[in-house]
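Pasting a structure here, questions to come.
Note that the structure is a prediction, hence the values are computed from the model and not measured. Here is how names work: the chains are called A, B, and so on, in the same order as the sequence lines, proteins then strands, and each is numbered from 1.
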Number of protein chains: 2
Amino acid sequence: MLSNASKYAIRSILYLATNSSEDHKISVKVIAEDLETPQSFLAKLLQQLTTNKLVSSAKGPHGGFYLSAKNRKKSLWDIIKCIDGGEKFNQCFLGLSECNDVNPCPAHAIVSPFKKQILENFRDKTIGQYADESLEKGTYLTLKELEI
Amino acid sequence: MLSNASKYAIRSILYLATNSSEDHKISVKVIAEDLETPQSFLAKLLQQLTTNKLVSSAKGPHGGFYLSAKNRKKSLWDIIKCIDGGEKFNQCFLGLSECNDVNPCPAHAIVSPFKKQILENFRDKTIGQYADESLEKGTYLTLKELEI
DNA sequence: TCTAAAGTATGATTTTTATCATATATTTCA
DNA sequence: TGAAATATATGATAAAAATCATACTTTAGA
């Protein structure tokens, strides 16, 4: 479904949402170690996310990445758009370029409603809300968190 | 979601379900032209599908591919398993290897029910049923069919 | 029995995605 | 003011997916 890039990006941002603040920036090195993702790949991704205002950063000692209040207002969908492009949830399951409610492929009827609902959820809920809910529900972002 | 390979495979099989029979085999060339897919790639795929008894074939003049009654009893899920592997609907949306109802990632709650329902549909409905329904509903398998 | 029309088998190439590496620019703090 | 810690920029490499190409085998039909 999503590219690794998008997956890493989402996990990083949700991680920053619960662990960082303007007073507590986190370096790529630490993020990559905590999330168990390739560091230089993540560095590139975070750059891209920073350029697109989804993440904030500061150079130098005690620098690093963090989420500002504004950043927390963004959505998962914003992240996906930024990395994989805005067509991700608009693509036909069987790869046809014109599949839609009027001219559906054979899988359209079963797949389409789900895509719509997931897209809505990803578009309408903010990163901040997602992070809060995740804290309540106790979700996890890396396998490390599963070790007892 | 699916690889191009799986998409082509599903489209080919649904195409054969409505257009072929033991008495009317269809060559890769024709299938590829009708579905607008790369011919040699499709040839490889059809081989794999034939090996795995999802499609039937005959060599020589008037040979080609077709679906037997048995082939029609298979499911979309069988095709996906054959090409992309059986983990396709079992993978965590954020790429974690252990994500499940007990230890969910932040996206699990929203994504998981949909995956389950789609998987069920794909697993429980036969190719034959899919093809019949598609005929009734008037779905399409290639953009060509949209041209007036 | 020869020829042409098919599938079958295998490997080469291209494209995309993912990953790795290295050099540069800033900034804090001693 | 200079050294170390950080992000930034860019390009190189590796791996996977998709595509292309070529030679071989089987079979119907003249």
Under 3.5 Å, is there a donor-acceptor pair between the B/Gln129 and B/Asp132 side chains? no
Is A/Ser40 touching bases, backbone alone, or none of the nucleic acid, heavy atoms closer than 4.0 Å? base
For a quick check of understanding: with a heavy-atom distance under 4.0 Å over all strands, which category does B/Ala58 fall into, base, sugar-phosphate or nothing? sugar-phosphate
Looking only at side-chain atoms of B/Asn4, point me to the closest of C/dA25, D/dA28, D/dT19. D/dT19
Side chain of B/Val28 only, heavy atoms from C-beta on: which candidate in C/dT27, C/dG7, D/dA28 is closest? C/dG7
A/Leu42 near the nucleic acid: base, sugar-phosphate alone, or nothing, with a heavy-atom cut-off under 4.0 Å? nothing
Nearest whole Å is fine: how far is D/dA18 P from B/Glu36 CD? 19 Å
Under 30°, 30 to 60°, or over 60°: which ring-plane class applies to B/Phe114 and A/Phe114, parallel, tilted or perpendicular? parallel
Measure from the side chain of B/Phe65, starting at C-beta and using heavy atoms only, and say which of D/dA18, C/dG7, D/dT8 lies closest. C/dG7
Reckon B/Ile83 touches a base, only the sugar-phosphate, or nothing at all at heavy-atom distances under 4.0 Å? nothing
Please check this pair: side chain of B/Asn100 against backbone of B/Val102, looking for a donor-acceptor N/O pair closer than 3.5 Å. yes
Checking A/Tyr130 side chain against B/Ala107 main chain: does a donor-acceptor pair fall under 3.5 Å? no
Quick one: B/Lys59 NZ to C/dA6 C1', roughly how many Å, whole number? 9 Å
Nearest-Å distance for atom pair CG/P, residues A/Leu45 and D/dA9: 14 Å
Nearest to the side chain of A/Ser27 - D/dA18, D/dT27, D/dT6? D/dT6
What is the separation between atom CD on B/Gln48 and atom P on C/dT10, rounded to the nearest whole Å? 14 Å
Rounded to whole Å, CZ of B/Phe41 lies from P of C/dA9 at a distance of 18 Å
Quick check on C/dT19: is either OP1 or OP2 less than 4.0 Å from any side-chain nitrogen or oxygen of A/Tyr8? yes
With a 3.5 Å cut-off and heavy atoms only, can you find an N or O donor on one side and an acceptor on the other between the side chain of B/Lys44 and the base of D/dT19? yes
Separation of D/dA9 atom C1' from A/Leu46 atom CG, nearest Å, is 15 Å
When you measure from the side chain of B/Asn19 to the backbone N and O of B/Tyr15, does any donor-acceptor pair fall under 3.5 Å? yes
Checking contacts here: which listed nucleotide (C/dT27, C/dT8, D/dT19) is nearest the side-chain heavy atoms of B/Pro38? D/dT19
Nearest-nucleotide pick for B/Thr50, side chain only, options being C/dT19, D/dA4, C/dT8: C/dT8
Quick one: does A/Gln47 reach the base of D/dA7 with a side-chain donor-acceptor pair under 3.5 Å? no
Indicate whether OP1 or OP2 belonging to C/dA6 is found under 4.0 Å from a side-chain N or O atom of B/His62. no
Kindly point out which of D/dT27, D/dA7, C/dT28 is positioned nearest to the side chain of A/Ser57? D/dA7
In whole angstrom, what separates A/Leu49's CG from D/dT8's C1'? 14 Å
Using atom types as modelled and distance alone, determine if a side-chain donor or acceptor of A/Asn103 lies under 3.5 Å from a backbone N or O of A/Glu98. no
Between A/Ile26 (CD1) and D/dA5 (C1'), how many Å, whole number? 16 Å
Counting heavy atoms from C-beta on, name the nucleotide in D/dA18, D/dT8, D/dA4 closest to the side chain of A/Pro61. D/dA4
